[in-house]
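Report on the following structure.
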Number of protein chains: 2
Amino acid sequence: MTRDQLHPDLDQISMAQVLHGFADPARLHMVKTMYELGECQCSLVYADLGLSKSNASHHFRVLRESGILRRSQRGSQQYAALRAEELEQRFPGLLASVLSNIDVAEPDRSAPRTQ
Amino acid sequence: MTRDQLHPDLDQISMAQVLHGFADPARLHMVKTMYELGECQCSLVYADLGLSKSNASHHFRVLRESGILRRSQRGSQQYAALRAEELEQRFPGLLASVLSNIDVAEPDRSAPRTQ
DNA sequence: CATCGGGTTCAACGGTCGTTGAACCGTACA
DNA sequence: TGTACGGTTCAACGACCGTTGAACCCGATG
């Protein structure tokens with residue numbers, strides 16, 4: 001059976017909050033992975049990111065508290081999945097546009113910063 | 001004539017950066033105002049937000065450095081405008097979905113926090 | 001000249017963020 | 001029983017964020 005953790009009602013989440021949840025390169029990568037894999041084991045989500053366990057746990061918490069993903073436990077394993085339908089209902093089109101732009105070419109970091 | 005300030009090339013802006021630029025209630029409000037008014041005087045953008053001058057200037061800087069708006073000076077007045085077309089080209093659909101969700105009902109802050 | 005208006009800059013503050021490492025927890029398996 | 005695995009929690013750290021108030025800048029206007 002699925003035993004849920006603490007997840008906010010999406011009606012309690014503001015636009016600024018969910019945008020903050022997305023606004024990190026590691027978390028964007030995790031979102032992309034979950035989109036591609038569907039519900040999957042947590043360790044798969046950050047496998048190729050080089051995050052420490054505690055750091056990954058932190059980002060999972062931010063994503064969960066932003067309403068972006070749902071975690072559940074089945075047997076001895078934890079799973080994670082995007083709350084895609086709920087997000088679509090609360091913020092129509094937002095997840096889709098974030099997903100479709102995650103792979104946009106990263107800027108050239110060797111160039112000098114502005115200002 | 002239009003004299004520009006320091007604005008990053010949008011190719012230098014990452015998805016995470018622009019999302020961070022949007023991820024603040026005051027800045028979302030400013031974005032909405034600029035969308036409704038088009039290019040307009042800066043003071044109009046934060047008129048009904050209760051921001052101090054220096055705080056507004058700070059948020060203008062964040063929005064500018066995130067590539068979200070362009071500032072210009074004509075005569076003695078400063079103007080601000082969304083970089084809508086450039087954003088659309090770099091992150092297709094993103095600005096539109098943010099704009100269309102800014103007015104989503106704010107969550108009920110009287111409810112207890114999760115965790 | 002002075003002064004006003006619209007913005008910027010600066011230092012300072014309290015709070016939060018991302019990251020780390022170590023300790024811990026629960027389940028599974030030897 | 002022990003021990004390994006997958007995660008969480010905690011304290012700590014340096015960095016950054018949002019906000020404030022005061023000082024400053026500069027073009028326009030008296």
Side-chain angles (χ1 to χ4, degrees), chain A residues 1-7 14 16-31 34 39-47 49-66 68-81 113-115, chain B residues 1-7 14 16-31 33-34 39-66 68-81 113-115:
Chain A
M1 282 298 106
T2 298
R3 199 199 71 194
D4 287 82
Q5 287 183 229
L6 294 163
H7 295 85
S14 71
Q17 276 176 278
V18 72
L19 286 173
H20 168 77
F22 283 123
D24 180 273
R27 292 198 290 269
L28 284 177
H29 194 117
M30 294 166 74
V31 166
M34 285 186 288
E39 182 166 44
C40 62
Q41 222 183 316
C42 290
S43 51
L44 291 179
V45 175
Y46 63 97
L49 272 174
L51 301 180
S52 65
K53 285 194 304 178
S54 55
N55 196 7
S57 187
H58 163 70
H59 286 304
F60 271 121
R61 176 210 270 255
V62 173
L63 288 169
R64 176 170 54 80
E65 294 183 344
S66 305
I68 294 171
L69 64 77
R70 184 175 297 282
R71 307 201 60 187
S72 55
Q73 199 168 61
R74 284 203 298 277
S76 66
Q77 308 202 305
Q78 295 242 27
Y79 288 80
R113 288 277 355 258
T114 296
Q115 192 161 88
Chain B
M1 281 300 107
T2 298
R3 200 199 70 195
D4 287 80
Q5 288 184 227
L6 294 163
H7 294 86
S14 70
Q17 276 177 279
V18 73
L19 286 173
H20 169 77
F22 282 123
D24 180 273
R27 293 199 289 270
L28 284 177
H29 194 117
M30 294 166 75
V31 166
T33 303
M34 285 186 289
E39 183 166 43
C40 63
Q41 222 184 317
C42 290
S43 51
L44 291 180
V45 176
Y46 63 96
D48 50 348
L49 272 174
L51 301 180
S52 65
K53 285 195 303 179
S54 56
N55 195 8
S57 187
H58 162 71
H59 286 305
F60 271 121
R61 175 209 270 257
V62 173
L63 287 169
R64 175 170 52 80
E65 294 184 344
S66 306
I68 294 171
L69 63 77
R70 183 175 296 282
R71 307 202 60 187
S72 55
Q73 198 167 63
R74 283 202 300 276
S76 66
Q77 308 204 303
Q78 295 244 28
Y79 289 79
R113 289 279 355 261
T114 296
Q115 193 160 85

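All values below come from the heavy atoms of this structure, side chains included, with hydrogens, waters and symmetry mates left out. Sequence lines set the chain letters: A, B, ... in the order given, protein chains first and strands last, and positions in each chain run from 1.
- Distance, H29(B) NE2 to dG18(D) P: 17 Å, rounded to whole Å.
- Taking a cutoff of 4.0 Å between a charged side-chain nitrogen and a carboxylate oxygen, R71(A) and E39(A) do not qualify as a salt bridge.
- Taking 4.0 angstrom as the limit, H59(B) places a side-chain polar atom (N or O) nearer than this to OP1 or OP2 of dT19(D).
- Counting to the nearest Å, the C1' atom of dG7(C) and the OH atom of Y79(B) are 14 Å from each other.
- An OP1 or OP2 oxygen of dT8(D) is reached within less than 4.0 angstrom by a side-chain nitrogen or oxygen of R71(A).
- Looking at Q77(B), its side chain never comes within 3.5 Å of a backbone N or O of R74(B) through a donor-acceptor pair.
- Across dG7(D), dG7(C), dG18(C), the shortest atom-to-atom separation from the side chain of R27(A) is found for dG18(C).
- Here H59(A) contributes atom NE2 and L28(A) contributes atom CG; the two are 10.5 Å apart, rounded to the nearest 0.5 Å.
- The backbone N or O of H20(B) lies less than 3.5 Å from a partner atom in the side chain of R27(B), making a donor-acceptor pair.
- In this structure, R61(B) does not reach the dG7(C) phosphate: none of its side-chain N or O atoms is under 4.0 Å from OP1 or OP2.
- Rounded to whole Å, atom C1' of dA28(C) lies 10 Å from atom CD of Q77(A).
- Between D24(B) atom CG and dT19(D) atom C1' the separation is 11 Å, expressed in whole Å.
- Between L6(B) and R64(B) the shortest side-chain heavy-atom distance falls below 4.5 Å.
- Of the residues L69(A), L63(A), V62(A), the one that meets the side chain to side chain contact (heavy atoms under 4.5 Å, CB included) test with S66(A) is V62(A).
- At whole-Å resolution of the value, CG in L19(B) and P in dC17(D) are 15 Å apart.
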Taking only N/O atoms, report every protein-nucleotides 20-24 of chain D pair under 3.5 Å with atom names and distance.
from: dG21(D); atom 1: N7; to: S54(B); atom 2: OG; distance (Å): 3.4
from: dG21(D); atom 1: O6; to: S54(B); atom 2: OG; distance (Å): 3.1

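- Between the P atom of dT19(D) and the CE atom of M30(B) lies a distance of 11 Å, rounded to the nearest Å.
- Rounded to the nearest 0.5 Å, atoms CZ (F60(B)) and CE (M30(B)) are 4.0 Å apart.
- Note: CG (L6(A)) to P (dT8(D)) measures 12 Å, nearest angstrom.
- Although no hydrogens or angles enter the test, the distance criterion places a donor-acceptor pair under 3.5 Å between the side chain of T33(B) and the main chain of H29(B).
- For the pair I68(B) and V31(B), the minimum side-chain heavy-atom distance is below 4.5 Å.
- With dG18(D), dT8(C), dG6(C) as the candidates, the nucleotide lying closest to the side chain of S57(B) is dT8(C).
- Put simply, CD on E65(A) is 13 Å from C1' on dT8(D), counting in whole angstrom units.
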Show the distances under 3.5 angstrom between N or O atoms of the protein and N or O atoms of nucleotides 11-16 of chain C.
none

